[in-house]
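Okay, structure first, notes after.
By convention in this document, chain letters (A, B, ...) are assigned in the order of the sequence lines, proteins followed by strands, and residues within each chain are numbered from 1. On a predicted model such as this, the values are computed, not experimentally measured, just so you know.
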Number of protein chains: 2
Amino acid sequence: MHVHIFMDKNCPRVNVSLLDEMIHNLPDANVITRISTTFQVLQSDTRLKILFLLAQKEMCVCELDCALDVTQSAISHSLRTLRQLDLVRVKKEGRFAVYHIADDHVKALIDLCKEHVTECSP
Amino acid sequence: MHVHIFMDKNCPRVNVSLLDEMIHNLPDANVITRISTTFQVLQSDTRLKILFLLAQKEMCVCELDCALDVTQSAISHSLRTLRQLDLVRVKKEGRFAVYHIADDHVKALIDLCKEHVTECSP
DNA sequence: TTTATATATGAATGCATGTTCATATATTCA
DNA sequence: TGAATATATGAACATGCATTCATATATAAA
């Protein structure tokens, strides 16, 4: 893992060895990227609504289609994105694709964020 | 608050009154939007690195500038965005603008997401 | 006051992403 | 087998955003 302090900037407050250690403590670049990708997926109203609905009960695509004011196509695209990050999972039931929240981390994440947002109201 | 079930879609699995209740249980539209905005801000590698650094110690802009391989301008823009959502806060110390994490929710959020990402490795 | 440093901001650009439309696949039912 | 329903996918368009460059403001040092 590369650690690189850009000392050409020459900030008088920098403690080089401390900063070096702090940079070492950063998650690996690929972990950072996966975290940001996850948050990126949680950044859409439609996908959030899907997650809040699925948190209550597993649902097939056409149920979601009844509940949300977007195209069925948009819902499928959203679900694929959520699936790719393992935020939701599918099981086939006859001709229906029934989606459910992947695990409790996901619920905890959105609940925590909801807390943050509703507590401080700027 | 409007609840609208789109029954023209006519999904055989829909239980109208249940779905109606589930839609009522959704957070208000503006809360959803604020949640998605928050996640949107957490979706950038640069801003995440800033948060992971600030989680270790408060830092001024030029310290961050030494630690990260992006422009000082980019860092300032990122910090403003983080500030606007109350994810970080500033205090002035002489000519330095010293930033720190706003509260523990924020730490908890990114830690939880890091957990999720590092546990399931697709 | 002049100079240097620290931070912020605006404009411009390039890239990514969400949605819709059109269409393809898959499953059930007649 | 054929028709209807359920879901997925691709292309296209429009929008939003992160970064950089250039520059402005603010604080300190000389």
Check your understanding: Under 4.5 Å between any side-chain heavy atoms of A:Thr37 and B:Val117, yes or no?
Key -> no
Check your understanding: For A:Ser78, which residues count as a side-chain contact (heavy atoms from CB on, under 4.5 Å) partner, sequence neighbours excluded?
Key -> A:Thr46, A:Arg47, A:Ile50
Study note, to complete from the structure: Footprint ends on DNA chain C, 5' to 3', for atoms under 4.0 angstrom from a heavy atom of chain B, come out as C:dT5 to C:dG10
Exercise for review: Decide whether B:Val90 and B:Leu79 are clustered together by the hydrophobic rule: side chain heavy atoms of Ile, Leu, Val, Met, Phe, Trp, Tyr closer than 4.5 Å, transitively.
Suggested key: yes
Exercise for review: First locate atom OG1 of B:Thr118, then atom CZ of A:Arg34, and finally report the distance between them rounded to the nearest 0.5 Å.
Suggested key: 7.5 Å
Point to revise | Atom-pair distance (CG on A:Leu64; P on D:dA6), nearest Å | key: 13 Å
Study note, to complete from the structure: Here the distance between atom C1' of D:dA28 and atom NZ of B:Lys92, to the nearest Å, is 11 Å
Check your understanding: If you look at every heavy atom in A:Asp65 and A:Thr71, which pair is closest and at what distance?
Key -> OD1-C, 4.3 Å
Review point. What does B:Ser78 touch in the nucleic acid at a heavy-atom separation under 4.0 angstrom: a base, only the sugar-phosphate, or nothing?
Key: sugar-phosphate
Check your understanding: Base, sugar-phosphate, or nothing: which does A:Gln43 touch, judged by heavy atoms less than 4.0 Å apart?
Key -> sugar-phosphate
Review point. Can you tell me how far C1' of D:dC21 sits from CD of B:Gln72, to the nearest Å?
Key: 12 Å
Exercise for review: Please answer whether the main-chain N or O of A:His105 pairs with a side-chain N or O of A:Asp103 as donor and acceptor at a distance below 3.5 Å.
Suggested key: yes
Practice item. Could you check A:Arg47 against B:Ser76 and say which one's nearest nucleotide on DNA chain C is further toward the 5' end? Key: B:Ser76
Check your understanding: When all nucleic acid strands are considered with a 4.0 Å heavy-atom cut-off, which category describes B:Thr46: base, sugar-phosphate, or nothing?
Key -> sugar-phosphate
**Study point:** Which residue lies more 5' along DNA chain C, comparing A:Ile75 with B:Val98 via nearest heavy atoms
**Key:** B:Val98
**Study point:** Donor-acceptor pair, side chain of A:His116 and main chain of A:Leu112, under 3.5 angstrom
**Key:** no
Revision key, fill the gap. B:Lys49 atom NZ is separated from D:dA18 atom P, nearest whole Å, by 15 Å
Nucleotide N/O to protein N/O under 3.5 Å, stretch nucleotides 10-16 of chain D:
residue, atom, partner, partner atom, Å
D:dG10, O6, A:Ser73, OG, 3.4
D:dG10, O6, A:His77, NE2, 3.1

Practice item. Give one of base, sugar-phosphate or nothing for A:Ala74, where a contact means two heavy atoms less than 4.0 Å apart. Key: base
Review point. Distance from B:Arg83 atom CZ to B:Ser76 atom OG, nearest 0.5 Å?
Key: 8.0 Å
Check your understanding: Looking across every strand, which nucleic acid part, if any, lies under 4.0 Å from B:Arg13 by heavy atom: base, sugar-phosphate, or nothing?
Key -> nothing
Review point. Roughly, in whole Å, what's the span from CG in B:Asp65 to P in D:dT20?
Key: 10 Å
Revision key, fill the gap. Separation of D:dA6 atom C1' from A:Glu63 atom CD, nearest Å, is 12 Å
**Study point:** Nearest-0.5 Å distance that lies between atom NZ in A:Lys107 and atom NZ in A:Lys114
**Key:** 12.0 Å
